[in-house]
Structures are given as structure tokens and as C-alpha cells.
Amino acid sequence: MKPTRRPRVAVWKFASCDGCQLTVLDCEDELLALAEAIEIAYFPEATRASSPGPYDVSLVEGSITTRNDAKRILKVRKQSRIVVAIGACATAGGIQALRNHADVADYTRAVYAHPEWIETLDKSTPIRNHVYVDYELRGCPIAKGQLLELVTALLAGRRPNLPVYSVCEECKRKGNPCVMVARGVPCMGPVTQAGCGALCPSFARGCYACFGPCEGANVHALDAALAKLGVGEEDRLRAFRGFNGYAEPFREAAEALNR
Amino acid sequence: MVISDSRPERSAVLDARDLGSLLEALQLRGYGPVGPTIVGDAVVLRPIAGVDELPSGVGDAQEPGSYRLAPRDDGRFFGHNLGPSSAKRFLFPPVRSLWTAIRIGPQVRIEANDDPPPKIALIGLRACDLAAIAIQDRVFGREPYVDPHYQAARENALLIAVNCSQAAATCFCASMGTGPRVGGGFDLCLTELLDAGGHRFLVEAGSEKGDQVLADLPTTVATERDRRAARAESDRAQAQIQRRLDTDGLKDVLYRNAEHPYWNTVGERCLACGNCTLVCPTCFCATVEDASDLTGDRTERTRIWDSCFNLEFSYIHGGSVRTSTAARYRQWITHKLGAWIEQFGTSGCVGCGRCIAWCPVGIDITEEAGRLRSEDRAPQPVGR
Ligand code: SF4
Ligand code: SF4
Ligand code: SF4
Ligand code: SF4
């Protein structure tokens, strides 16, 4: 049965680059159908019009990096039936979580003329560390196909198809010759969650893990394989400490390399 | 089970310069040629338009976790070994739409996707590939669980085998009794000959359809010398096979060591990435996904390749049965080399070596099975 009322969707931004929100706007071919199926009730990046909550679905981009944001996300949760964290920032803390491995005061001193004006938390953390999150979409940025899959699944009241297995499976289904095996190019695909359609290996380059760790990611086995390919310790550290560097077990792998 | 019609073997010799006539004869009969061709950095099976797309003068070097193309100076068309793709991709495609449900007002109409698969000629299948197809024939063709999609694809495919002239370091067909010489199950079988007699192919027909194609080709009579040369090619490949798998009582070794701590050590090395199962020409596991559209008026069910290395694969009510990588590797190898025999009357492994070469960390099924055998001992607990 068709819903009698279009679900009201809000799109929120926390510490992030807006790339994931742009993916929402990037659904060009589907945008009209999307606008018919849902009501975009709050989306400052796309429209000035905003109507107050409650919302059926909140898409949350960005990580929590300030005390104010830590309070704001609680309000978002209160007004939303379903909360979806979108992108590496919202699901893992993002690239700004690099500070989590260092002293944030060092950074503010190095970057800002008046570090005393900067009020920030010492860690950049994913949304799920603060509120209950119903679904997570990985990626830096998220994949358009996964976003549409999630929205259509929510509309139909079915479980979304969001695989937790490795990028390798999408890579093999596509028929890409493995860059790691056939060229010795380092690839993070075996420890990275699928969802992008094996984008990077389809263009003959290694995956750099923008979708974060897959279920059961065996980071130590991959690290050993990368070392065997001649990838130095520093580069392996960088490979694990990327957009999802604060997500386990990437964090642990990087830590072991940084010792 | 589909078996090519058996007929007394007919053979003839085709000059290598006339190989194009084979593709033309196939196309004329409505078969789209699918053959080995270079994509990226590997030889894979893809639709090809002409012989110029075959990997002429290209060989390869394979090791656990490594595959490299290597030029060869003899201009052989089939001087390469197996690449990552196999006939499975075409007979049991990685993604296939099964049916669509369309809602029109209060009605729901279900439209099965029984579009016949295209007629194709699979060129360059090796002895182990044919053995793998025979295994999948059993898996998908056994009453009462006949898979109509596989069946249709199989009926529309012509199998053109090539006898191996060389073996890769990852090959172990000899241990599995599947090669290197092609035994049967083909429509046409080519042996590439390159000696004082020139660059030519001994072409054998193994079915009525193969016979008809052979009759279209500008061949000459095959002599005893050609046949001897063909045997020499297979002998060379046979002599190059270094890898072994001792299959003697292997099922029982696997069964009685289900709790061996060895599984935990392989679980530490294995990425659970699933590559081995996806490149394996006999692995047949798939899952289905339903996807609706934004209007909710159209829903499609798709079958996609799955792997026993996925957590969700063993999900039953209450959770997944195999949570550790050790348990998943054990499942794979124990099914493949053991339980398969009880299930289908044959090992699930044909010794092609794809899982060895295409494992990103080079885990080698022959070595792992061998190590377990050498440590065959009393039961110990294993991570679940
Ligand atoms: S290229 Fe990367 S993602 Fe693809 S199979 Fe190889 S390791 Fe996996
Ligand atoms: S292949 Fe890896 S880095 Fe590239 S888009 Fe996919 S997850 Fe991101
Ligand atoms: S298990 Fe490995 S060697 Fe055996 S048929 Fe499968 S891919 Fe080939
Ligand atoms: S054996 Fe190799 S290819 Fe197979 S799942 Fe483990 S790491 Fe991946």
C-alpha cells in the first residue's frame, strides 16, 4: 500500500566536508521520483525552506567535534524516528579523527592565530558514540546506489541490502583482475566493506578503504601481505589511518605500526 | 545433466592462419565467441570479435597470491594458463535477475525472467574447466533441484576446449584426475601444435554440433605425426605440474580433524575476503536480494554470487553459525574436498589452482590440506 503521507526527511550536518550531502543532490535521475516519494523537510545545503520536526528519517553527515554538536545530536535524535549516519565522518569520525591519535592542542596551536578562540573536543567521534543510530551508510563519500537502496527500503518497510562483506566480492563479481595479485598494487579491498561497487579496482588502482572496515577485517594478515609487496611501515600506517582510521580494527592496526 | 552427444571422434588439422575461420563458423551458426583475452593485467574470458583479440604471444607466471603476464616469443594463441575467470561466469553469472513484481492498482503481477541466455561458444576451456562444468552440471542439473537458468545457459553454450601445452606453478589437475589432457565433455577440442610441421591446430570434434562446425573449417587430414605432436604437448604440460594434493582418504582426514587447532592458525592468515570461492569454477553458492523502486510499484529479485566466507552466509534464526574466520575456512575446504564427495559423488576441486593464485595472501589449498594431514591427530577445541 502507498503511504498516505510522504515521510519527512531531514538532512543534518556536523563536522564534515558536505560531500555526502552532495551525493544526495547527485541523485539527479532519481531526484524527481525522490521528491515525490519523500518530503525534504529540512536540508539547509539544498534549500532555505525548513520545517520543524518531528522527522521520519534524519540523515546525519559529519562527526561530533564540539560540545555544542554533542548537544545538538541529542536534539536530532529526539526529533527523529530513524537516524541514519552517512559517510566516514558520521560512522568513523572521518579524517578529522586524525587528531584522536595526537594532542589536539598541538594542532590548534599550529593552525590558528588565536588558539584560545577555538573550542573543540579532543576527539572527533562517530554519531553512534553519542546516540542510537538505526543505519549507517559508509564511504567518503557515500555511494548513491546505497543511499537510494536505503530510502527505498525504508519506504517499503523492508530491510535494506547493505552488505558487510569485503570489496573483493564486488570486485570479483565485476570481473576485475585483482590489482594486488596481477600487478602487486597494494589494495585495502580485502579489509574494506563493500558498497561502492569496487570503484577503485575497476579503474585498476587499489582501494584506499574509504568504506571502512568490513565485518571480520583481518588487518594483520593484510598488513603482512602489504609488507611483502614492499610497502613500507609509514605507508602502511597511512593506509590504515585514513578516512576511517579511528574505526576498529583499523585503529588497532595503525597503532601496532606506530609503536 | 547435459552431456555433449557422444560420437566417434573426428579430427582434422587447421592451419593457425585459418583460426579466424573457426570464429566465423561459430558466428555463422549464431554462437557469440567468448574467449581468452587480455583485460587489465590478466587473461580473462570475454566476448571476442576476432582472433586478434586472443592473447597471442602472451604467457604468464603464477605463484600463490601472484599472477604476472609474461611475453613469449613463439606467437602461440593459447600459451597462457588459467586466468581468474572461468566458464562459471557465463553459465552461472555473478548477478542475474530472477523475477520482477509489478503492482498495477490492487493487482500484483509477477514476471519471471526467463529470457534465454545468449548462444555462446566458450573458447579455450582447459581440461580442468570441463571437469568443473561437469561438476556444476551435477549441482544444478540433478533432479528434483534443476536450475532452469543454468540449464538454459548450458544448452546454449558450445564448449571449445584447448589442451594445455604448459602448466602453471599453481596447477594440480593431475592430482585431481582432471587433466592436463582433455578427456571428454567438449564439442570441439583444439591442440595447438608448433613444430617443424608448422603452427597449426589438431581439431577434434566431440559432439554432433562440434562435427558440424569442424566440417565448415578449411582443414586438412590429421596424420599420425600430428597426433603424436599433440600427445607431446600434453606430456610437456604433465611434466611441468609440480603441485600435488594427496586425496587419499582426505575426506576422513578433514572430518576427524574438525576440531584441530590448525584451523585457528589458518584463520589468522585468511582475510575471509571470499576471493577463493569466487574464482573457483565449481563453487556455486548464491544469495537473493530483493530491491524495490522509489514508487514501491516495482520489485526485482536478483541472484548474486555469495561466499561461505561471509558472516551472513551462515545466518540462521538467532545469529550466524560461523563467526570466526577459522570456522569459515574449515567450512570451505571441508566442503570442497570432503562433504562434496558425499553430496555430489565427486570432489569439489578440479585442481585448477585459481584459488591459490588469486588469494591476496597466497593461501594454498594443497599446502593447507597437506599440513592438516601431516598433523592428523586427536581432537582439540576450535573457535566457533
Ligand atoms: S583488486 Fe582489491 S578489492 Fe579487488 S579482489 Fe583484489 S584485493 Fe580485492
Ligand atoms: S574501492 Fe575502496 S577507496 Fe575506492 S570507493 Fe570503494 S571503498 Fe572507497
Ligand atoms: S578449490 Fe581451488 S584449485 Fe580446486 S577447483 Fe576450486 S579454485 Fe580450482
Ligand atoms: S583463503 Fe585467501 S582468498 Fe580465500 S578467503 Fe582466505 S584470504 Fe581470501
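Numbers restart at 1 for each chain; the letters A, B, ... are given by sequence-line order, proteins then strands.
Here Ile38(A) contributes atom CD1 and Leu294(B) contributes atom CG; the two are 8.0 Å apart, rounded to the nearest 0.5 Å. Atom-to-atom distance recorded for Tyr165(A):OH and Asp306(B):CG is 7.0 Å, nearest 0.5 angstrom. The SG atom of Cys171(A) lies 10.0 Å from the CG atom of Leu278(B); values are rounded to the nearest 0.5 Å. Within the model, atoms CG of Asn161(A) and OG1 of Thr287(B) stand 8.5 Å from one another, a figure rounded to the nearest 0.5 Å.
Leu25(A) CG: more than 12 foreign heavy atoms inside a 6.0 Å radius.
Contacts between Ser166(A) and chain B at a heavy-atom distance below 4.5 Å involve the side chain alone, from C-beta outward. Contacts of Asp290(B) with chain A are made by backbone atoms alone, with heavy-atom separations under 4.5 Å and no side-chain atom involved. With a 4.5 angstrom heavy-atom cutoff, Ala156(A) touches chain B only via side-chain atoms. If you measure heavy-atom distances from Glu312(B) to chain A, the contacts under 4.5 Å come from the side chain alone. Residue contact with chain B, scored on non-hydrogen atoms closer than 4.5 Å, is absent for Glu36(A). For chain A, the nearby part of Arg89(B) is the side chain; its heavy atoms alone come within less than 4.5 Å. Using a 4.5 Å cut-off between heavy atoms, Ser85(B) makes no contact with chain A at all.
Ranked by heavy-atom pairs under 4.5 Å with chain A, the list Asn310(B), Ile304(B), Asp60(B) is led by Asn310(B). Contact count versus chain A (heavy atoms, under 4.5 Å) is highest, among Cys359(B), Gly267(B), Pro360(B), for Pro360(B). Ranked by heavy-atom pairs shorter than 4.5 Å toward chain B, the options Glu30(A), Lys174(A), Met180(A), Arg158(A) are led by Arg158(A).
Between the side chain of Arg269(B) and the backbone N or O of Ala221(A), no donor-acceptor pair lies under 3.5 Å. In this structure, the side chain of Arg68(B) engages the main chain of Val181(A) through a donor-acceptor pair within 3.5 Å.
The two residues Lys172(A) and Trp305(B) have their closest heavy-atom pair at O-CZ3, 4.3 Å.
Sorted by first and then second residue, the side chain to side chain donor-acceptor pair (under 3.5 Å) pairs with a member in residues 217-233 of chain A read His220(A)-Glu252(A), Asp223(A)-Arg236(A); sequence neighbours excluded.
There is no side-chain donor-acceptor pair under 3.5 Å between Asn275(B) and Glu169(A).
Using a 4.0 Å cut-off between a side-chain N of Lys or Arg and a carboxylate O of Asp or Glu, Arg328(B) and Glu215(A) qualify as a salt bridge.
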